[in-house]
Amino acid sequence: MDVIKVGMADLAVCKAPQKLITTGLGSCVGICLYDTGSKVGGLAHIMLPDSAQARNNQNKAKYADTALVEIINKMLVLGAEKSRIFAKIAGGAQMFNFAGTSSIMRIGDRNTEAVKKHLELLRIRIVAEDTGGNFGRTITFDPENGKLHIKTINQGEKIV
Amino acid sequence: MDFEQLNCLQKDALKEIGNIGAGNAATALSTLLNKKINMSVPNIFILPFSQVVELMGGDDTPVAGGYLQVEAKAPMSILFVIPEESLKLFLKILVGKQETATITLDELDISALKEVTNILAGSYLTALSGFTNMEFNPSVPALAFDMVGAILGNVLQLYGEVSDYALVIESVFEEEEKEVKGHFFLLPEPGSLEIMFRELGVVF
């Protein structure tokens with residue numbers, strides 16, 4: 001079975017029967033996009049909400065806004081059609097519980113919010129979501145049927 | 001200053017920082033566990049984020065991570081990572097926890113591990129402070145037991161806005177029978193290096 005690994009601040013696209021995996025999502029968000037017609041899928045492991053605020057934004061896969069545009073463009077090249085693309089997202093947890101609020105502690109929520117905002121701007125519907133909490137996730141995405149398999153250490157496994 | 005552009009002299013200075021800090025922390029850990037602790041020569045890594053995670057055995061390896069932020073003229077983060085197999089022994093020694101196949105941490109375990117992080121960071125920073133003549137104020141520690149990628153990812157986000165690379169000063173503590181092992185990471189924020197080098201009189 002052919003599974004493409006996507007690292008932190010990285011993205012990849014593929015066509016079924018290939019699958020995509022990203023491991024150890026904490027406050028990062030895994031964005032899975034797929035087109036049921038062409039069975040083309042994409043996965044981005046984003047770290048930060050917005051490239052506009054960053055001093056260093058060459059790596060498009062690092063930010064929610066630029067990663068989405070990049071991944072869609074790559075999917076179109078593989079034969080996907082924009083109107084048929086749906087999204088599933090996972091991650092955006094808060095790994096550490098600090099007394100008091102520091103901005104890095106809310107980064108998971110900020111990432112999730114940014115991903116949702118930019119998906120809406122691009123008119124892509126979110127059909128499943130597993131975000132928040134205080135635990136890490138490893139996700140495997142199958143563009144064949146859009147199934148997203150989510151594995152955790154203490155919270156079990158599920159498919160959305 | 002870009003981490004990728006550090007020269008040998010600068011890396012040596014960072015190694016020395018690691019040595020002095022970790023020496024003090026190893027002594028503290030040894031007292032705490034009542035065991036002889038050996039420490040490694042510190043490793044200085046300048047790595048893309050994804051490879052930092054590989055250092056710890058791949059992103060979904062379960063570990064305990066104690067984390068604190070250090071307020072200073074040269075701000076930094078400290079992360080103390082205990083691999084799963086060592087964690088059982090840590091908890092057995094610290095709080096008398098019975099070993100089980102899978103680990104679930106209760107309140108007592110969490111507070112003990114936070115205290116370990118606190119003590120190690122405190123002794124590390126005391127040494128660093130004497131060496132650099134600077135003041136360091138560590139925050140209260142936070143603790144997570146989860147995938148190492150998820151834990152490190154959360155910490156590395158701090159650096160994400162300015163760099164794709166992280167500077168990691170790593171010291172490995174190992175008990176004589178090699179049963180208890182912990183990785184201590186000092187992660188200076190990007191602007192902190194210039195400030196520390198200036199205090200140390202290292203040309204940059």
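Chain naming here is simple, since letters A, B, ... match the order of the sequence lines and numbering starts at 1 in each.
Ring geometry for Phe184(B) versus Phe80(B): interplanar angle of 30 to 60°, hence tilted.
Between Ile110(B) and Leu113(B) there is no side-chain heavy-atom pair separated by less than 4.5 Å. At least one side-chain heavy atom of Leu128(B) sits less than 4.5 Å from a side-chain heavy atom of Met76(B). For the pair Ile124(A) and Ile72(A), the minimum side-chain heavy-atom distance is below 4.5 Å.
Looking at Leu143(B), only its backbone comes within 4.5 Å of chain A, counting heavy atoms on both sides. With a threshold of 4.5 angstrom between heavy atoms, Leu25(A) approaches chain B through N, CA, C or O but not through any side-chain atom.
Ranked by non-hydrogen atom pairs under 4.5 Å with chain B, the options Asp50(A), Leu48(A), Asn154(A) are led by Leu48(A). Listed options Gly26(A), Gly136(A), Ser51(A) were ranked by heavy-atom pairs under 4.5 angstrom with chain B; first place goes to Gly136(A).
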